[in-house]
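Remarks on the structure that follows.
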Amino acid sequence: MTDDALFRQIEESTKNFSRHQAGTLRSILHTSAAFIISNATSPMSEITISRSTPPLLDAPCRYLATKITPIISINWPTETTTVMITILATSCPSTLSFASFTAPMKPKLIPYFDSAFSKAGSYIAHQGSASVLRRPEVNKRLVFMYADSITTTKGGFKVMAASSFPLHNSSNASRSLFMSLTSPLEVILGSHVEHQLYCHLLCGLRNSDSIDSMHAPYAFGLIKALRALESKWEQLCYDIDKGSPCSEINYVQMRDSVVEVLGGPQPDLSNRIRFIFEKNDWGGILHKLWPNVRYVKCVTTGSMKHYYSKHKYFAGEISLLGGDYFSSECPVAINLDIKKPPDQTRFVMLPTTDILSSFRLIRPRTMLSLVKKLWKYRLGDIVRVVGFYNSSPLLEFVMRAPKNSFEIVTEGDLMAAMESFQLVMRNTMGLAIEIVDFTSSVDFDCSPKRLKIFIEAQDCDMILQDKLQGSDLRKCCSAVEDGLGSIYKVQRNNGEISPLSLSILKCGSFDRLLKLAIENGTPASQYKSPKIIRNPSIVDGLEEYVLVNITLD
C-alpha cells in the first residue's frame, strides 16, 4: 500500500470511529468462537466489556491464564472517564513478548499472535507511523536497536522483546528493515549491550555523511548513547583510523561485520571527527558530526520528558520528533504531527487496532453488546482527551497510573521536584549541575513511612562531595519536598509521612540499575529508567552507592 493510500485509510477510519470499532469487534468475534456474546443481533454503536475471567486456551497457554484487567484512565475536558483498551485473543499465541519495563525485576509476559488476522489489526498503525517519517525519503538511519536474546518457557513458547520480533523474523518485510540501517544485523542481534552500543556509534561515525535520521525507542536510550559518545570518542576515532574495533569487541561475528562496514583504515575521516571532539563544545554535536541528519526520533513524553532538554542541547539545529503511543500489547495511537515538542504531543487513536470501551461517559450512550470472556491487558497509563481528530479521540499522555493506594508521589511530582532542586543548587550554591537521573521509593519499615529520593548528577564524584554538606544540602532537600504534589503534602502535614530523605548517588549508579535489569530479563531496547521503585531489594542496592545523604528533621 502506498503512503497516500495509507493516509486516506487513516482519514476514512477516523471519520467513522464508532463504526470501525464495531467492525473490529465483529471481526474478532467472527474469527474466534471462544467468546460468548449476548444480544449479538443488535447494532453495536458502543461496546461494554465485562471483567470476567478469560477463557482457558490450549494446555501450553495456561501459563498465561492470569486475570489481567487493562485500564487506561482518560481525563475528558469536563470529567474523568475510565476506558478500556482491550485486545482479544483469537488463537493460541505463537510467542510471548516482554513488556517494556521500568525496574530491574522480571518483566511481565504478553502473548503474541503471529496470524494474518492479528497483524491486519495493527498494520495501519505501524505502516502509517512509518509513512509519516518517509516524507521525504530516508537514505541511511542510525538506529540504537537491540534484538535481545530468545528464551523458551516451560510451555514451549519462545520469549523475546516485543520490538525484537521483526528482527528475528526471516520474512522479506523484516529483512528489508535492515537495508537502510548503518549497523549490520550482527550488531543488532548481539548479546552484550555495551558492545552493541559502541558498534552502533562506530558504524554511525563511519557513515557520518550519508546518515539522514536517527532513532531510539525511548529518550533514555538515546541519552545513554550520547553519554557513551562523550566518554569513548577518543577510542572511536582511533578505531576508525585503524579500520577495526577495539579488542574489547570480541564477539567474532559482530567484530567481522563492523570491520566490513569500516572498510579499512580511514585516517582522514578520523582526523575530521577528532577535530570536532577536541573543541569540547557539545552543543549541537549531532549536527556537527552528522551534518545531513534531518531529524532525531524517540519517545519523549511521560517520564521521558526529563531528557528532552539534553536532547535539544545535543541536537542543535536538528529537529527532534516525538514517537507514537505504542505499547507492548498493541499500537494504541499514532502521532501525526511529529514535530510538536513533548508537552504538545497529541496521539490520534485508531479504531482498528484495539477495542475501546467507556464506562463513565459525559453523554449517555446506549450499551447494546456484551462480551463476557476475553483476554484483557493492564496498560496502566493515564491519558487526557484534548479533542478529536475527525471523530477519533485525540490523546495526550499524562503519566503512568499509580500501582496502588499507597503511592504518595507521581512521576510528574518528581520531575517538578527535580526542577526545584536544580534551581536551589544554582541560586544557593552556584552549581549549575545536570541531573543524570533520579528515582524514588517509599520506606514502609520506617514509622511513619518515609519517601526516599535518589539523584545522580553529572560529575558528582568530583565536584559535589565536598560542597553538598550541612545547611546547603538541607535547603536543597527542603526545595525538593516543597516541589512534591498534593497527596504527599497532605499526608506530610497530617504526620502520616516521616521527613524526606534525599541521597546523592555516585556516578554510574543508574547504569548499574540498567545492567541489573537486563540481567533479570528486561529487553535493553525497551528499558525505561524507573522513577518509582517498589522493590526494597533494589533500593538496598542503590543505597550502596550513596555519596551524600540528608534527612529533614
Side-chain angles (χ1 to χ4, degrees), residues 100 102 129 132-133 138 141-146 163 182 197 200-201 204-205 208 211-233 276-277 280-326 335 337-347 396-397 399 411-412 414-416 418-419 421-422 432-439 455-459 510-511 514 524-531:
S100 58
T102 57
S129 171
V132 170
L133 296 174
V138 170
R141 299 184 296 155
L142 172 54
V143 181
F144 296 99
M145 183 184 297
Y146 312 92
S163 58
T182 58
L197 174 54
H200 279 314
L201 291 170
L205 289 171
S208 57
I211 293 174
D212 51 19
S213 69
M214 295 184 183
H215 298 246
Y218 297 107
F220 173 84
L222 183 59
I223 286 296
K224 181 171 176 57
L226 295 174
R227 290 196 178 118
L229 189 66
E230 279 187 288
S231 62
K232 299 179 183 295
W233 67 265
I276 294 172
F277 282 123
N280 199 29
D281 180 8
W282 288 84
I285 191 68
L286 296 184
H287 179 68
K288 297 168 188 174
L289 293 172
W290 292 279
N292 296 313
V293 166
R294 294 182 289 106
Y295 65 82
V296 178
K297 179 178 182 289
C298 57
V299 172
T300 49
T301 49
S303 63
M304 297 295 118
K305 283 185 181 180
H306 167 66
Y307 310 105
Y308 184 67
S309 60
K310 192 66 173 177
H311 279 186
K312 291 179 66 176
Y313 173 73
F314 279 123
E317 300 174 15
I318 300 174
S319 298
L320 297 178
L321 308 186
D324 299 291
Y325 186 7
F326 286 6
N335 180 8
D337 191 1
I338 55 180
K339 292 187 178 182
K340 293 285 188 182
D343 58 339
Q344 299 177 32
T345 300
R346 307 291 185 265
F347 303 100
E396 177 184 85
F397 188 93
M399 62 180 178
E411 292 178 350
L414 292 168
M415 282 188 275
M418 291 304 101
E419 292 176 5
F421 174 81
Q422 288 180 298
I433 70 165
E434 176 195 338
I435 293 179
V436 173
D437 224 323
F438 60 92
T439 191
I455 300 173
E456 180 184 334
Q458 190 168 22
D459 300 326
F510 280 87
D511 286 339
L514 167 61
S525 57
Q526 295 183 212
Y527 176 80
K528 293 173 283 187
S529 181
K531 298 297 178 274

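Excluded from the calculations below are hydrogen atoms, water molecules and symmetry mates; all remaining heavy atoms, backbone and side chain alike, are included. Counting from 1, the numbers follow the sequence of the chain as shown. Here the structure is a predicted model, which is why all the values come from computation and not from measurement.
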With sequence neighbours excluded, residues passing side-chain contact (heavy atoms from CB on, under 4.5 Å) with T345: T301, N335, F347

Got a sec, which residues hit ring pair (Phe, Tyr, Trp, His ring centres under 6.0 Å) with F314, two or more places apart in sequence or on another chain? none

Between S208 and W290, does a side-chain contact (heavy atoms from CB on, under 4.5 Å) hold up when you go through it step by step? CA-CA 5 Å; S208 57; W290 292 279; 3.9 Å; yes

For A216 and G221, work out which heavy atoms get closest and say how close. CB-C, 4.5 Å

Interatomic distance, M418 atom CE to I455 atom CD1 [nearest 0.5 angstrom]: 4.0 Å

How long is the straight-line distance from NZ of K310 back to CD1 of I223, given to the nearest 0.5 Å? 7.0 Å

Using side-chain heavy atoms (C-beta onward) and a distance below 4.5 Å, is K297 in contact with D324? yes

With E396 via side-chain contact (heavy atoms from CB on, under 4.5 Å) - residues at least two apart: R346, R384, V386

Contact check, side chains of V293 and H287, non-hydrogen atoms, under 4.5 Å: no

Does K305 have any side-chain contact (heavy atoms from CB on, under 4.5 Å) partners at least two apart in sequence or in another chain, and if so, which? P342, D343, M415

Side-chain touch Y308/Y313, heavy atoms, less than 4.5 angstrom: no

I'd like to check D437 versus F220 (side-chain heavy atoms, cut-off strictly below 4.5 Å). Are they in contact? yes

Taking the side chain as every heavy atom from C-beta outward, state whether C298 and H311 have any atom pair closer than 4.5 Å. yes

Working to the nearest 0.5 Å, report the span between OH of Y295 and CZ of R141. 7.0 Å

Are the side chains of L222 and F144 in touch, meaning some heavy atoms are under 4.5 Å apart? yes

Within the structure provided, determine whether M214 and I318 are in side-chain contact (heavy-atom separation under 4.5 Å). no

I need the full list of salt bridge (Lys or Arg N to Asp or Glu O under 4.0 Å) pairs touching residues 214-233, with sequence neighbours left out, sorted by first then second residue. E194-K224, K224-D511, R227-E434

Output, in order, the C-alpha distance, side-chain angles, deciding distance and verdict of side-chain contact (heavy atoms from CB on, under 4.5 Å) for D281 and K288. CA-CA 10 Å; D281 180 8; K288 297 168 188 174; 3.1 Å; yes

Under the side-chain contact (heavy atoms from CB on, under 4.5 Å) test, which residues partner A416, sequence neighbours left out? none

To the closest 0.5 Å, what do you measure between CG (L226) and CG (L286)? 5.5 Å

Reported CH2-to-CD1 distance for the pair W233 and I285, which is rounded to 0.5 angstrom: 10.0 Å

Report the relative orientation of the aromatic rings in W282 and F277; use parallel for angles under 30°, tilted for 30 to 60°, perpendicular for over 60°. tilted

Any V436 side-chain heavy atom under 4.5 Å of F510 side chain: no

Given T182, which partner from the list L201, L205, L142 fulfils the side-chain contact (heavy atoms from CB on, under 4.5 Å) test? L142

